[in-house]
Amino acid sequence: SQQGEEDPQALSIQEGENATMNCSYKTSINNLQWYRQNSGRGLVHLILIRSNEREKHSGRLRVTLDTSKKSSSLLITASRAADTASYFCATVRVVQGAQKLVFGQGTRLTINP
Amino acid sequence: DGGITQSPKYLFRKEGQNVTLSCEQNLNHDAMYWYRQDPGQGLRLIYYSQIVNDFQKGDIAEGYSVSREKKESFPLTVTSAQKNPTAFYLCASLSRGDEQYFGPGTRLTVT
């Protein structure tokens, strides 16, 4: 089952602009993670935010988490052509001691030079 | 792609044949995972293993089998019982910081 729903499904912006992607989910979580995937490649972990955190930064990335609304957002500031990729949120639950990730369908981000 | 390798990168098989996908990690991680990704979709969990000689079914385990005889290795067999095996398969391992490290993936085409 795919719990996360991402919005928008595709986003195209000019280089230098900011890109915002949103993720909504349905059940309680331990943490939420964002991953990036270049076409035909494996996923790369970007940032993890725990359920008791509200905001986290990593370089040009800013992630927010609102557990009351069951939603998260990923902001990429000052976008670059190299940021072109698909971005996935993954909600994380621990079930019988095992971490299980449930991925959304992703946002395809295109940065136009 | 971290310390996880998957081979081969592309795999072609005839319908009715079993095929085994390799996944090896040198990160000393205990937990490992197999996911399936269809075009334009997110990842779906096939199987996962928390320790050697133990594994659990994920959301779409039917038609797949795994083994975990060594900490470093978690091979996935796609059997002839899997109705739609053509997909991109990704292996991952779990760090102590709760991040998953992914391999480069194997694209399987069954005709």
Side-chain angles (χ1 to χ4, degrees), chain A residues 1-10 21 23-25 27 29-53 56 58 61 63 85-110, chain B residues 1-10 21 23-25 27 29-51 54-61 68 87-109:
Chain A
S1 60
Q2 292 194 319
Q3 179 177 205
E5 292 186 6
E6 299 187 54
D7 171 56
Q9 290 190 348
M21 289 158 269
C23 171
S24 61
Y25 58 93
T27 65
I29 60 173
N30 290 84
N31 64 71
L32 185 145
Q33 302 181 24
W34 285 88
Y35 288 81
R36 164 195 168 124
Q37 183 181 36
N38 288 82
S39 181
R41 305 290 297 275
L43 276 69
V44 175
H45 182 269
L46 294 176
I47 199 163
L48 179 156
I49 186 164
R50 300 199 182 275
S51 59
N52 60 352
E53 297 176 308
K56 208 161 182 182
S58 177
L61 305 180
V63 169
S86 291
Y87 292 82
F88 294 91
C89 71
T91 54
V92 182
R93 298 177 67 197
V94 176
V95 179
Q96 296 181 330
Q99 185 202 70
K100 295 183 71 175
L101 271 64
V102 178
F103 287 84
Q105 293 188 330
T107 293
R108 287 193 315 280
L109 176 63
T110 302
Chain B
D1 296 327
I4 299 183
T5 57
Q6 290 184 244
S7 61
K9 187 170 184 177
Y10 298 97
L21 282 60
C23 177
E24 304 279 331
Q25 55 104 354
L27 300 168
H29 291 166
D30 290 315
M32 297 184 73
Y33 301 76
W34 272 106
Y35 296 93
R36 169 186 173 132
Q37 186 179 33
D38 292 287
Q41 301 295 312
L43 280 64
R44 291 184 290 169
L45 181 63
I46 305 172
Y47 266 97
Y48 62 101
S49 168
Q50 292 180 259
I51 56 172
D54 179 72
F55 48 83
Q56 304 295 329
K57 292 182 179 180
D59 299 319
I60 56 165
R68 187 85 186 278
F88 188 49
Y89 291 88
L90 288 157
C91 177
S93 67
L94 179 66
S95 75
R96 293 184 186 278
D98 291 340
E99 304 163 5
Q100 291 206 0
Y101 287 75
F102 283 81
T106 292
R107 189 167 300 280
L108 172 66
T109 302

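Please read all numbers here as calculations on a predicted model, not as lab measurements. Every chain is numbered from 1 and lettered A, B, ... according to where its sequence line falls, protein lines coming before strand lines. Note: hydrogens, waters and symmetry copies are ignored here, and every other heavy atom, side chains too, is used.
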Taking the side chain as every heavy atom from C-beta outward, state whether A:Y35 and B:L43 have any pair of such atoms under 4.5 Å apart. no
For the residue pair A:N31 and B:D98, establish whether any side-chain heavy-atom pair is separated by less than 4.5 Å. yes
Residues that B:R107 engages under salt bridge (charged side-chain N to carboxylate O under 4.0 Å, His left out), provided they are two or more places apart: none
Verify whether one side chain among B:Q37 and A:Q37 offers a donor that lies under 3.5 Å from an acceptor in the other. yes
Go through the side-chain N and O atoms of B:Q100 and A:Q99 and say whether any donor and acceptor fall under 3.5 Å apart. yes
Would a distance-only check, ignoring hydrogens and angles, find a side-chain to backbone donor-acceptor pair under 3.5 Å from A:Q9 to B:G40? no
So for B:Q50, is it side chain, backbone, both, or neither that comes closer than 4.5 Å to the heavy atoms of chain A? side chain
If you round to the nearest 0.5 Å, how far is CZ of A:R41 from CZ of B:F102? 14.0 Å
Of all the heavy-atom pairs spanning A:L101 and B:Y35, show the shortest one and how long it is. CB-OH, 3.8 Å
Taking every heavy atom of A:G40 against every heavy atom of B:F88, the minimum-distance pair comes out as O-CZ, 3.6 Å
Applying side chain to side chain contact (heavy atoms under 4.5 Å, CB included), can you list everything that pairs with A:R108, at least two apart in sequence or on another chain? A:A10, A:S86
